[in-house]
Structure formats: structure tokens, C-alpha cells
Amino acid sequence: MMINLMTIATVILLFANTSFADPRAQVIKLICGKQTEQNATINVANFISTMEKITLQMQNSGHGAAETGSGRHKSYGFAQCYGDLSPTDCTLCYVEARNILPQCYPSNGGRAYLEGCFIRAENYSFYDEFSGPGDGPVCGNRTRAGPGFDESVRKGLSQVVSVASGNERYGRAEVAVGRAVNESVYVMADCWRTINATACRACLENASASLLGCLPRADGRALNTGCFVQYSDTDFMNSVSNSGSSRGRVIVNVIVAVSGVALFIGGVIIGVYVWKRRIIARKRRDDAEKLVKNLNHSSLNFKYSTLERATVCFDETNKLGQGGFGTVYKGVLADGREIAAKRLFFNNKHRVTDFYNEVNMVSSVEHKNLVRLLGCSCSGPERLLVYEFCSNKSLDAFIFDLDKGKELDWDKRLKIIVGTAEGLVYLHENTSTRIIHRDIKASNILLDSRMRAKIADFGLARSFEKDQSHISTAIAGTLGYMAPEYLAYGQLTEKADVYSFGVLVLEIVSGRRNNEGESPDDTESLLSRAWKQFKQGTVEPLVDHNLMLGLGGRKEEADVMTEMVRVVQIGLVCTQEIPSSRPSMSKALLMLEAKEEPPLPSNPPFMDKETMEFHYSSQGSNDASVATISHTVFLPR
Ligand SMILES: *[C@@H]1O[C@H](CO)[C@@H](O)[C@H](O)[C@H]1NC(C)=O
Ligand SMILES: *[C@@H]1O[C@H](CO)[C@@H](O)[C@H](O)[C@H]1NC(C)=O
Ligand SMILES: *[C@@H]1O[C@H](CO)[C@@H](O)[C@H](O)[C@H]1NC(C)=O
Ligand SMILES: *[C@@H]1O[C@H](CO)[C@@H](O)[C@H](O)[C@H]1NC(C)=O
Ligand SMILES: *[C@@H]1O[C@H](CO)[C@@H](O)[C@H](O)[C@H]1NC(C)=O
Ligand SMILES: *[C@@H]1O[C@H](CO)[C@@H](O)[C@H](O)[C@H]1NC(C)=O
Ligand SMILES: *[C@@H]1O[C@H](CO)[C@@H](O)[C@H](O)[C@H]1NC(C)=O
Ligand SMILES: *[C@@H]1O[C@H](CO)[C@@H](O)[C@H](O)[C@H]1NC(C)=O
């Protein structure tokens, strides 16, 4: 009878141990450096390259270190998975960690402790560091009474310290001292592979001493500069590492034998408990695997290696530009299709599932005036968005350039204005989820081989909302285009897009940026000039010289001029201060097509002198830097 019970208990425990692993990619703590980036253009590029080099090492050995660049802009990186993670789980944890670290931007360094791995990047060689001012424990909230538990923790900590100080730099223990079965403690310790044995021991000793301060909490984690130690009353570790013995692990079990039937019952209880936990873990894992499988079969999914090949490993010569979300590269797929691949270096909030769902949603939006999102590389080492390629770049490259501006005559410009309006009507009024673009501006209007307007970068804005880095770039990039109510109160409706569209229309007619005066000391914005001149009935001086040149002597000159005045009027109607007095995009389209008369604009957006956000961009040092950011570093493609 006793033997039978024992067999059952053992079988259950064995089954529990044939483990379904978990990458434990949840963040424990992100610690950012205090110094800020000197030059985002170069530092971000070096950071991405460093992280990429580490990716390969992680897959092979569970840890990796790499450097990129030189001098002050050199980027140093290091990452390590804790010893119980299989290579697959390690890659998953690393991908998450690598996506989280950029939250530190614009700090020039930082580290993240995840439940399953660690990552750090700096602009100096930090590999020897094993202690620092931030070292200390993060204690759990639950308490665990009982002297047996405390003793088990002490014992477990001292065991893992001595094991992990050895060659493998990793130790784990399961300890139960005393009679009660619920006094089992699970402990794990990991030293970073870059520090030597002496430093490792010192780090672990400090960590385990600090963890004793967590008692009587049921769990605690020491986040030290050179090591990570965790104890818990529940088994948090993966019991089987697929990497075999090369990543060696020592399992220490100290079970003080207790006689009597109580042990067997206790054993069964533990067994069932552990087994249940494993079932839950397995379900989670199955879901994750299902997603990866679905991704594999989805036409939206581009394999990372495919995109690497298409862009010749993201070669500098294929770079199209840098947008708020990432860098854009031109690529050619094996079948000859041209694409634009956007590497999202600051996409960190979203887990793969959410990200994929958003891509799925946005890719279903199809219209001739919207840049089609073809898919993503969602599950690879970094996330990429794949767009259709527009060969003639963006509108700003033409209208704000004296020479290239000549290539766009009035007919072409009017077509671009109407096309943009059609794209916006579709986004606002004809998709199952109404989409507010938020960032309509000349550089977001791309031109295809037939010079048709295509609106870029829509739909995903929502998913980047909480992303600090994007918020700042979005604001920097759109100052001249932002509706007063959005700028002042963050009030966002379709009418904010209508406002931006109005600004864009005036820019297209005048060939001038809204936030740049005629001359360097001219602080008057295009918008305020347009209102003034329209009121005076002298729109002509506003019109781009390039357009007037093309007009010379043509007999329909008068007609074209009337058309221009009409379009300027529509632009002004769209930029009225009060959102409700601006037309909807479909109304604006009817006016552009001359199917409806535009009303007289009566409500200019300059009512409140205090919030005259429109005049500032060409004056003052602060504004100069804003303009620089929007035109160089974050120039959206
Ligand atoms: C940043 O680095 C890039 C590339 O080296 C360089 O072209 C640019 O001038 C630098 N910007 C600043 C502000 O130093
Ligand atoms: C790291 O960056 C900071 C701030 O940008 C700079 O002061 C420091 O000199 C850099 N360190 C190295 C080793 O280049
Ligand atoms: C181990 O590393 C520490 C910190 O870098 C260093 O001070 C110490 O000399 C090293 N010890 C040995 C034996 O190499
Ligand atoms: C633990 O306590 C901290 C601080 O009081 C709190 O922010 C956190 O939500 C708590 N966690 C849980 C799981 O209750
Ligand atoms: C661990 O090291 C840190 C940093 O050197 C120090 O502040 C802390 O007091 C040490 N903790 C213990 C328990 O020795
Ligand atoms: C996805 O496809 C690749 C290559 O086609 C294959 O190696 C991989 O095992 C697949 N993954 C899954 C989860 O099916
Ligand atoms: C919505 O789009 C469909 C197809 O793209 C088109 O047939 C339909 O007329 C559109 N409806 C409106 C209200 O624009
Ligand atoms: C637009 O792109 C097409 C195809 O790439 C090219 O033939 C044409 O010259 C371009 N137009 C302009 C104005 O650059």
C-alpha cells in the first residue's frame, strides 16, 4: 500500500518535470542611465547594430556581448539568459528585453532585468562591473510565516552562491527544511559571464545578504550589477533546459526525511499542485506556439531573413529615410517586388500578439491613396513593417525645392491635393475602425511612379501612443500642422486631420513650409499670411513662383488663377479655429471637385495671442532645435 502511494506520487512528480518551458519575458525592472544621447542619428544606429550582433550569440550560447562604432559614439551591449532557459525561450526573452531597453531613450544607457534574462547597453565598457549604487533587492508582497521557511531560504541561498561561483555561473536549488511540505523554497543564481570568479562570488554574496532582508516575504529578487538571484516559495524555474549539459545545471535537493503517511499525502498534494501549474504553463506555451505557427502561414508574415536579403542586410545605400517609428529601407524581394521595410527600433510596448493584431487590422485598409501595409516581420529578432514602395519619395522633396518644384505643375498639384483628400475620406469614413491620422504633413504624402499621392504612416499611431520617444517626435514633427485644440488640450477628432490637411493645401499652393517665413527674419507663418492676403483679396503673391512661371501667357490663365484662389479658400476653411466650423473631409472633397461652393472662412486660428503657436517655429533657440529635429533626425519617410 505504501509502495503504491509512493509510486503514484513519484509518477506525478516525474510527469510534472517533463516540463513545458516559459521564456519569462516579463520585466522586473528597467534602470536608465542619467546621461542623454549626444547624437541620436549615430547612437541609435550603433545600438541597433550591437543588439543584432548579440542576437546570434544568444541563440548559440545563451549570452552575448558586442560593440559597434568608435570613440564617443561607441555602443557596448551585453545580454544573458538565466541558466534554466532553453535556447528558444532565451531568444524570446532576449527579443522582449531588446525591445524594452529603448524605453530609456534619450538616455545613453540602461539595463533591464526580466524574469528570464538580463540586458544592458552603455557608451563605455562596463563588462567588469559587478557592484554599483543601485544594487539591491525587489521583495515580493506576500508574507510567508514560519521559521522553517526562513531557514530554507538561508540554506538555499548559501547553496546557490557556492554552486554559481563555479564555472557555470549558474546555480539552482530546491530546499525544504522541516516538517511542513509548504516550506519548500526555490532559489536560483546567475552571474554575468563577463565578470571573473572573484567578482562573481562577491556579487552573489552581496545579493544573497540583501535578499535575507526580504524575509519574511514569500519571494525576492536581487538585481545586482553583476548578478541576479531569486528565491520564491513557488517553483518559477523551467525544469528542463533543452540545451543539454553544455549549459550545465546543478540541482540540489535537501529533503529532510519525515516518516509516516503524512509525507506521501504531502507528496501527492505537491505533485497535484505542481502538475496544475504545469498545465497552465503548457496552455500559455501552446498559445504562443500557435501564434508563431499562424504567423508562419500568414501571408502578412515576412521572414526576417527574407527582409535581410531584400535590403542587403539593411545596407546604408538602401536607406530611404528615418521616420518617427524607425528607419526605412528599400528592398527588392526574390520575385522582383519592390518594398519599403521599416525597422522599428522604438517599438517596445507591444507584445508579439498585439503587434500582429494591429498589423492585421491596418493591412486590411486598402485605397489607391493610402500606402499599403503589406505585413511585418513580427516574430523575428526585431520587428519590421513592410510597405509598398513609392518610387518618387515624398511630396516635401518636390514642393519645398526650387528646382524639383518645377516638375509639379498646377494640374499635378491639384491631383495630389484631391488624392490626399480621398485617402483621408476613406480613413475617416469608410473603414470599419475609423482612423484619425494625426500626422498629416508633406513628408507623409508619398508619390508613386505616376505621381499619385499616397498617405503614409496611418493606423499604427494608436499603438505607439504610450511610447514616450514617439510622442516627442510626433509633436516635434507636426508643430506647424497641429490643430489648436489638439495642441492645447490633446483633443483629437477627425477635425484635427482636416486642419493639418488645410495647412498642407496652403503649402502645396505656395511652395513654402508653414513654419518658415519668406526670409530668415520673417516670423510670420504661411497660415497667417494666407488669411491676411485672402481678406485683402490678393492671393497671387502667395502662389509658388514655379506655378506662375508655367502659367505665363496661357489662355486659360484666368481660369487657373480662379481655381487657385478657390483652393486657398478651402485651405483656410479647413484651418478655422473652431473644429465644428471646419468641414468634414468628404465635404472638403466636394468643394475641391467644385461640386459644392466653399463658404467664406471667418474664424482664423489666431484668436488667442497667448497661444499663438503658429509664429514660433522660425524664431528663438528652442524652436530652432524643434525644427532641426523634425527635418533631420526624424524626417519621416
Ligand atoms: C551626428 O552624426 C552624424 C553621422 O556621423 C553626423 O552626420 C551629424 O552631423 C551628427 N550630428 C551632430 C549634431 O553632431
Ligand atoms: C558617454 O556619453 C556621455 C554623455 O553623452 C559622455 O559625456 C561620455 O564622455 C561618454 N563616455 C564615453 C566613454 O565616451
Ligand atoms: C576580477 O575582476 C575584478 C573587477 O574587474 C578585478 O578587480 C580583479 O582583479 C579580478 N580578479 C582576478 C583574479 O582576475
Ligand atoms: C506590491 O506592492 C507594491 C507597492 O506597494 C504595489 O505597487 C504592487 O502592485 C504590489 N503587487 C502586488 C502583486 O500586489
Ligand atoms: C551590496 O552592495 C551595494 C553596492 O556596493 C551596497 O550599497 C549594499 O549595502 C550591499 N549590500 C549588502 C547586504 O552588503
Ligand atoms: C516556421 O517556418 C520555418 C521555415 O519555413 C521553420 O523552420 C519553422 O520551424 C516554422 N516554425 C513553426 C512554429 O512552424
Ligand atoms: C467605401 O469603399 C468601397 C470600396 O472601397 C466603395 O465601394 C464605397 O463607395 C465606399 N463608401 C463610401 C461612403 O465612401
Ligand atoms: C517618378 O518615378 C518614375 C518611376 O520610378 C520615374 O520614371 C519618374 O521620372 C519619376 N518622376 C519624377 C518627377 O521624378
Side-chain angles (χ1 to χ4, degrees), residues 31-44 46-47 50 67-77 104-111 120-139 153-154 157-158 161 189 191 195 199-215 220-229 231 320 330 332 336-340 388-409 411-413 415-416 419 445-454 546 550:
I31 302 167
C32 298
K34 297 207 163 53
Q35 292 171 317
T36 52
E37 290 290 10
Q38 297 286 301
N39 183 337
T41 313
I42 183 153
N43 288 346
V44 167
N46 285 347
F47 169 81
T50 300
E67 292 142 39
T68 309
S70 61
R72 290 197 313 125
H73 299 303
K74 190 158 173 178
S75 152
Y76 296 80
C104 280
Y105 182 87
S107 274
N108 69 358
R111 59 186 105 156
R120 182 170 181 188
E122 304 285 354
N123 73 340
Y124 68 95
S125 173
F126 58 87
Y127 303 129
D128 287 340
E129 289 183 8
F130 64 93
S131 72
D135 290 2
V138 173
C139 304
V153 171
R154 256 178 261 281
L157 285 172
S158 88
V161 167
C191 273
I195 63 177
C200 172
R201 178 170 277 278
C203 185
L204 292 174
E205 276 169 0
N206 174 297
S208 72
S210 72
L211 277 178
L212 290 177
C214 280
L215 289 171
R221 296 160 180 83
L223 313 181
N224 280 25
T225 307
C227 59
F228 174 83
V229 182
Y231 80 84
L320 293 170
K330 181 186 174 178
V332 182
R337 256 193 307 164
E338 289 179 318
I339 52 154
E388 71 173 300
F389 176 70
C390 294
S391 59
N392 282 316
K393 297 199 171 165
S394 53
L395 182 58
D396 61 330
F398 288 93
I399 56 172
F400 301 136
D401 188 289
L402 274 182
D403 280 334
K404 295 195 83 182
K406 294 193 179 81
E407 294 172 28
L408 288 185
D409 60 19
D411 283 348
K412 282 188 184 140
R413 291 194 196 202
K415 266 202 196 106
I416 288 169
I445 309 298
L446 307 190
L447 300 170
D448 71 3
S449 57
R450 287 149 61 196
M451 298 306 267
R452 267 195 317 201
K454 296 207 171 229
N546 277 330

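Being a predicted model, the structure only gives us computed values, none of them experimental. When a ligand or atom number is given, it counts from 1 through the structure's own listing order.
Scanning all heavy atoms of the two residues, the minimum distance from Leu211 to Pro137 falls at CD2-CB, 4.1 Å.
Put simply, the side chain of Asn546 never gets that close to the backbone of Asp409: no donor and acceptor are under 3.5 Å apart. Thr225 places a side-chain N or O within 3.5 Å of a backbone atom of Gly132 that can act as its donor or acceptor partner. Put simply, the side chain of Thr68 never gets that close to the backbone of Ser75: no donor and acceptor are under 3.5 Å apart. A donor-acceptor pair under 3.5 Å is absent between the side-chain atoms of Arg111 and the main chain of Ile31, judged by distance alone.
Within the 4.0 Å cut-off (strictly below), a protein heavy atom is located near atom 11 (N) of ligand 8. For atom 7 (O) of ligand 5, the nearest protein heavy atom lies 4.0 Å or farther away.
If you number the atoms of ligand 5 from 1 as listed, the ones under 4.0 Å from a heavy atom of Ala209 come out as 13 (C). Proximity to Asn108 (heavy-atom distance under 4.0 Å) selects the following atoms of ligand 2: 1 (C), 2 (O), 3 (C), 4 (C), 5 (O). The contact set between ligand 8 and Glu407, taken as ligand atoms under 4.0 Å from a residue heavy atom, comprises 12 (C), 13 (C), 14 (O). If you number the atoms of ligand 8 from 1 as listed, the ones under 4.0 Å from a heavy atom of Ser449 come out as 1 (C), 2 (O), 3 (C), 4 (C). Close contacts between ligand 2 and Thr36 involve ligand atoms 4 (C), 5 (O) [criterion: under 4.0 Å to a heavy atom]. Proximity to Gly132 (heavy-atom distance under 4.0 Å) selects the following atoms of ligand 5: 4 (C).
When only non-hydrogen protein atoms are considered, atom 14 (O) of ligand 2 lies nearest to Arg72 CA, 3.6 Å. When hydrogens are left out, the protein atom nearest atom 9 (O) of ligand 8 is Asn392 OD1, 4.9 Å; that is the closest non-hydrogen contact. In terms of protein heavy-atom proximity, atom 2 (O) of ligand 5 is nearest to Asn206 ND2, 2.2 Å. The protein heavy-atom contact nearest to atom 13 (C) of ligand 2 is Asn123 O, 3.6 Å. The shortest contact between atom 5 (O) of ligand 8 and any protein heavy atom is with Ser391 OG, 3.2 Å.
Under 4.0 Å is where a charged nitrogen must lie from a carboxylate oxygen, and between Glu129 and Arg120 at least one such pair does.
Annotation: Asp448 places no N or O atom under 3.5 Å from an N or O atom of ligand 8; distance criterion only.
In summary, the side chains of Asp135 and Asn206 do not present any donor paired with an acceptor at a separation below 3.5 Å, with no hydrogens or angles considered.
Taken together, the cysteine pair Cys203 and Cys227 places its SG atoms within less than 2.5 Å of each other.
Residue Lys454 holds its NZ atom at 9.5 Å from CG of Leu446, rounded to the nearest 0.5 Å.
The 12-atom threshold is exceeded at NZ of Lys406, counting heavy atoms of other residues, nucleotides or ligands nearer than 6.0 Å.
Heavy-atom separations between Met451 and ligand 8 include at least one value shorter than 4.0 Å.
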